[in-house]
Amino acid sequence: MTKSSAGNFFEDFRLGQEIHHATPRTVTAGDQSLYIALTGNRFALHGSASFAAALGHAVAPVDDLLAFHIVFGKTVPDVSLNAIANLGYAECRFLAPVYAGDTLAARSTVIGLRENASRDSGIVYVRTAGTNQRGEPVMSFVRWVMVRKRDRDAPAPTTTVPALADSVAPGDLVVPGGSGLAGYDYVAAGSKARWGDYSVGEKIDHVDGLTIEEAEHMTATRLYQNTARIHFNKVLARSDRFARRVIYGGHVISLARALSFNGLANAFRIAAINSGRHANPCFAGDTVFAWSEVLDMQPLARRRDVGALRLRLVAVKDRPADEFPLRTSEGYDPAVLLDLDYWVLMPR
Amino acid sequence: MTKSSAGNFFEDFRLGQEIHHATPRTVTAGDQSLYIALTGNRFALHGSASFAAALGHAVAPVDDLLAFHIVFGKTVPDVSLNAIANLGYAECRFLAPVYAGDTLAARSTVIGLRENASRDSGIVYVRTAGTNQRGEPVMSFVRWVMVRKRDRDAPAPTTTVPALADSVAPGDLVVPGGSGLAGYDYVAAGSKARWGDYSVGEKIDHVDGLTIEEAEHMTATRLYQNTARIHFNKVLARSDRFARRVIYGGHVISLARALSFNGLANAFRIAAINSGRHANPCFAGDTVFAWSEVLDMQPLARRRDVGALRLRLVAVKDRPADEFPLRTSEGYDPAVLLDLDYWVLMPR
Amino acid sequence: MTKSSAGNFFEDFRLGQEIHHATPRTVTAGDQSLYIALTGNRFALHGSASFAAALGHAVAPVDDLLAFHIVFGKTVPDVSLNAIANLGYAECRFLAPVYAGDTLAARSTVIGLRENASRDSGIVYVRTAGTNQRGEPVMSFVRWVMVRKRDRDAPAPTTTVPALADSVAPGDLVVPGGSGLAGYDYVAAGSKARWGDYSVGEKIDHVDGLTIEEAEHMTATRLYQNTARIHFNKVLARSDRFARRVIYGGHVISLARALSFNGLANAFRIAAINSGRHANPCFAGDTVFAWSEVLDMQPLARRRDVGALRLRLVAVKDRPADEFPLRTSEGYDPAVLLDLDYWVLMPR
């Protein structure tokens with residue numbers, strides 16, 4: 001019996017395979033403190049029990065992305081330990097708040113497989129469900145990764161590429177329970193700008209920049225118990241294409257989200273992630289800036305107190321975001337790290 | 001409606017203006033753990049529930065400076081985002097212990113304004129109150145910062161410089177509630193030296209030194225949700241006078257206080273900060289040492305179990321503090337980072 | 001009265017001396033979060049309240065080594081502040097689980113003294129007991145350190161070298177209380193491999209590697225309130241034999257244990273440490289790999305649900321562990337950092 005695992009290779013996955021990921025994780029106030037310390041997150045709902053109580057939460061829910069990273073991290077040893085690249089996310093919905101004390105578990109289903117023409121790797125699509133200790137779903141998402149083959153000659157599976165929605169439909173966005181937004185404190189939240197104050201096409205420069213150190217991104221990624229080697233192992237990284245440790249893309253998402261507070265302070269809840277592209281790798285020493293664009297605005301059924309904004313969140317490296325870099329004629333601007341399309345909830 | 005903020009400039013402040021700072025913050029055990037991990041703090045009152053219980057606290061109060069930095073951090077986006085320098089502190093009093101679970105909010109009043117002769121900046125004086133979730137004041141302090149003007153031609157305000165006390169009067173020092181110091185455990189505290197064992201003029205070398213890394217000071221400063229750019233942004237810092245990230249002065253205070261445990265282990269509570277000067281900037285790679293001088297000793301009304309020591313706490317960089325460097329004929333010794341004048345409480 | 005301490009020197013120790021170490025420490029969920037974030041630890045018992053509840057724990061116990069490091073850290077200011085080297089550990093037994101909220105205190109007895117032939121240092125042997133807030137022993141261990149003399153001419157003590165067991169007898173291993181292992185969830189734990197699936201002589205490559213940054217090891221070591229100077233002080237280190245900060249050996253143990261999850265996921269409890277050698281110093285920038293060898297397997301009296309594995313855990317730097325480096329004809333392989341001999345508990 002082999003005791004240690006080198007992770008699954010492309011040929012180890014089967015369509016329809018269901019994977020119960022190991023090491024469920026109880027989220028604590030310590031995790032939320034570390035999340036704030038590592039990202040600079042300031043959204044009041046996660047940092048203030050008083051703010052959360054006024055919205056009907058017994059305690060402050062932890063940051064949506066902290067919960068996401070923990071669930072995502074659980075999937076890594078089974079899904080992406082031998083990934084060459086995380087290619088994308090889709091149909092990510094946040095279904096219930098996560099509180100300190102909740103224990104998160106993750107389960108994935110293989111919903112697509114496609115071998116690459118090179119035959120030395122293939123793309124694996126999985127749908128992952130994160131649940132709490134009562135078995136209630138707290139999030140669901142699809143991601144696809146390019147995974148190495150152990151054996152180039154292993155037979156290719158039938159190609160199956162799942163049909164994925166371009167974006168989560170507004171009717172599928174879940175507004176967390178609680179007492180409604182009557183008690184929403186705009187002073188405490190840090191901005192007067194409500195849902196109706198934004199307009200489609202509006203671009204927002206989030207002004208600030210954060211330089212990332214090796215110790216920071218590794219500490220964050222270990223907090224999520226994400227074991228992907230390329231983030232941690234300088235010796236291994238030397239033989240990789242970038243010859244250095246690559247920062248977990250989710251850390252870049254978290255930094256960009258934290259920076260977006262300055263301009264989107266009332267985006268109190270991430271409701272869904274429609275798609276995400278890590279346009280360029282991020283390394284220690286990079287300074288991350290961010291800008292947003294309002295892609296869509298939708299009211300929500302039976303809720304006059306809250307609306308949904310569909311946003312593009314772009315993380316940029318080593319230059320301010322005030323010129324809103326995104327694409328050149330060649331593709332993504334070399335300074336662009338992340339192009340994330342997501343839905344947030346905001347008071348109306 | 002502009003969504004993101006570039007912070008207030010000198011001409012945005014009005015005398016008497018009251019600012020309710022955003023994002024109240026619930027302090028948790030996670031924050032205290034991080035505070036210990038980032039500073040090496042060992043004062044028993046904050047680290048040991050048993051020690052705290054013997055003094056009548058239901059749970060251990062968090063470190064006084066952790067609470068201070070959180071309240072201070074709240075004020076940064078409104079007060080000092082465009083600061084050129086933090087010039088000083090005065091009349092800082094610690095009014096009530098802060099416990100894990102308390103939610104801290106901050107409110108500042110502009111109490112002084114003085115434009116600089118150069119006309120491109122001015123000095124803003126604010127008095128800040130930190131309160132807990134019951135609205136009880138936990139601290140109050142004045143600070144003044146040199147803030148850039150957005151527009152050099154903006155008219156200068158009437159110069160108002162507040163009269164500030166050189167030091168907090170002993171009668172204004174607050175001894176935290178609890179059951180008195182009868183249960184004080186000197187073995188657990190780490191020293192037998194009580195209030196009466198010190199003498200005015202005595203100097204103490206705190207012996208140890210701590211080298212600071214970029215990841216550490218940035219993690220600490222983000223924990224406090226302090227958004228001052230110069231601490232985090234290498235790209236921005238390049239065009240600044242030091243051409244590199246400058247460490248939050250409060251982190252230096254915390255390190256010096258933590259180092260001062262070796263010599264002042266029974267200084268269980270900071271009661272007041274009389275004044276503080278960041279004599280020289282501190283950068284990653286610097287090694288911080290510290291020494292103290294007893295400036296004054298005062299008994300406290302109606303308390304025979306506790307006395308107050310007024311201390312000078314000096315942080316020194318890159319050399320041991322055993323020669324007690326402070327000033328040269330030119331001003332501060334170039335090795336001096338911090339000159340802090342504060343009151344501590346100590347059992348008699 | 002001298003206020004600050006430069007630590008004890010060899011001539012300050014007396015055989016039979018009992019030292020009550022200062023600053024008892026309440027362990028919190030924040031400490032456990034930091035422990036995970038700094039080591040990448042994934043053992044389910046410490047990370048999941050649900051997993052722990054199924055084994056009869058009201059809350060998840062904190063990591064065994066986190067508790068160990070905290071107790072160890074308490075002893076440093078008294079025992080090893082002037083240590084030249086930590087020479088070894090023996091007879092370390094873990095006696096009761098430690099939970100968030102427990103307050104750990106440490107007490108040591110000097111059980112051996114031997115001056116070195118050079119007369120400028122000597123070896124101090126101490127037996128340390130860690131207790132919780134109810135005075136219950138949670139661990140006990142012996143360690144010996146080479147400590148500088150303050151005065152070369154101070155008289156040598158009578159040489160006393162304690163007789164120490166090569167290993168903790170299986171009958172002395174304590175299985176933590178709880179409801180037995182009937183509720184043990186192998187999927188959640190991350191491996192199907194039980195006690196009986198291992199065999200004596202079996203070697204396991206733990207595959208992964210972790211590069212260590214200065215900020216990480218210092219943050220971990222401060223979390224434990226370990227004040228040994230060589231870990232923190234670049235200025236002091238310059239005049240030391242390695243001319244740089246040396247990583248706390250306990251951090252290397254923690255990293256190796258965390259890496260060993262991949263191959264030993266069901267080793268849910270460290271029951272004892274028989275001996276430990278830090279074969280070579282570890283520095284920031286090193287990448288740690290690990291391998292294990294099964295040295296012994298023992299059933300436990302009156303327990304059919306759990307067995308003990310005696311393991312060698314070897315930490316290796318800057319090269320994969322798949323060739324199981326340990327010794328050369330000259331002694332330890334220069335790549336070997338740690339050679340730890342310990343007992344774990346594993347479900348049968």
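Here is how names work: the chains are called A, B, and so on, in the same order as the sequence lines, proteins then strands, and each is numbered from 1.
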Does one side chain, of Ser33(C) or Asp31(A), offer a donor that lies under 3.5 Å from an acceptor on the other?
yes
Would you find a donor on one side and an acceptor on the other, under 3.5 Å apart, between the side chain of [X] and the backbone of [Y]?
X         : Y         : value
Thr26(A)  : Ala49(C)  : yes
Lys3(A)   : His206(C) : no
Gln225(A) : Asn41(C)  : yes
Ser48(C)  : Thr23(A)  : no

Between [X] and chain A, which part of the residue has a heavy atom less than 4.5 Å away: side chain, backbone, both or neither?
X         : value
Val207(C) : side chain
Ile204(C) : side chain
Glu202(C) : side chain
Thr39(C)  : backbone
Ala189(C) : backbone
Tyr186(C) : neither

Can you find a pair of side-chain heavy atoms, one from [X] and one from [Y], that are under 4.5 Å apart?
X         : Y         : answer
His21(A)  : Val187(C) : no
Thr103(A) : Phe51(C)  : no
Val235(A) : Arg319(C) : no
Glu213(C) : Glu213(A) : no

How close do Leu38(C) and Thr219(A) get, counting heavy atoms only, and between which atoms?
CD2-OG1, 4.2 Å
Smallest separation among heavy atoms of Lys234(A) and Thr287(C), with atom names
CB-OG1, 3.8 Å
Heavy atoms of other groups near Glu323(C) CD, more than 12 under 6.0 Å
no
Let me see the working for Glu216(C) and Arg222(A) under salt bridge (Lys or Arg N to Asp or Glu O under 4.0 Å), right down to the final yes or no.
CA-CA 12 Å; Glu216(C) 293 170 350; Arg222(A) 280 187 300 249; 3.0 Å; yes
Working to the nearest 0.5 angstrom, can you tell me the gap between [X] [atom1] and [Y] [atom2]?
X         : Y         : atom1 : atom2 : answer
Leu236(A) : Phe289(C) : CG    : CZ    : 7.0 Å
Asp205(C) : Thr2(A)   : CG    : OG1   : 11.5 Å
Lys74(A)  : Arg42(C)  : NZ    : CZ    : 7.5 Å

Please determine, among Leu210(C), Asp185(C), Val288(C), the option with the most heavy-atom pairs under 4.5 Å with chain A.
Leu210(C)
Which residue out of Gly30(C), Ala29(C), Gly47(C) racks up the most heavy-atom pairs below 4.5 Å with chain A?
Gly47(C)
For Arg229(A), which atoms come within 4.5 Å of any heavy atom of chain C: side chain, backbone, both, or neither?
side chain
Proximity breakdown for Leu34(A) and chain C, heavy-atom pairs closer than 4.5 Å
side chain
Scored by heavy-atom pairs under 4.5 Å with chain C, the best of Glu214(A), Gln32(A), Gln133(A) is Glu214(A)
Counting only non-hydrogen atoms closer than 4.5 Å, can you tell me which residues of residues 246-266 of chain C sit against chain A?
Phe261(C), Asn262(C), Gly263(C)
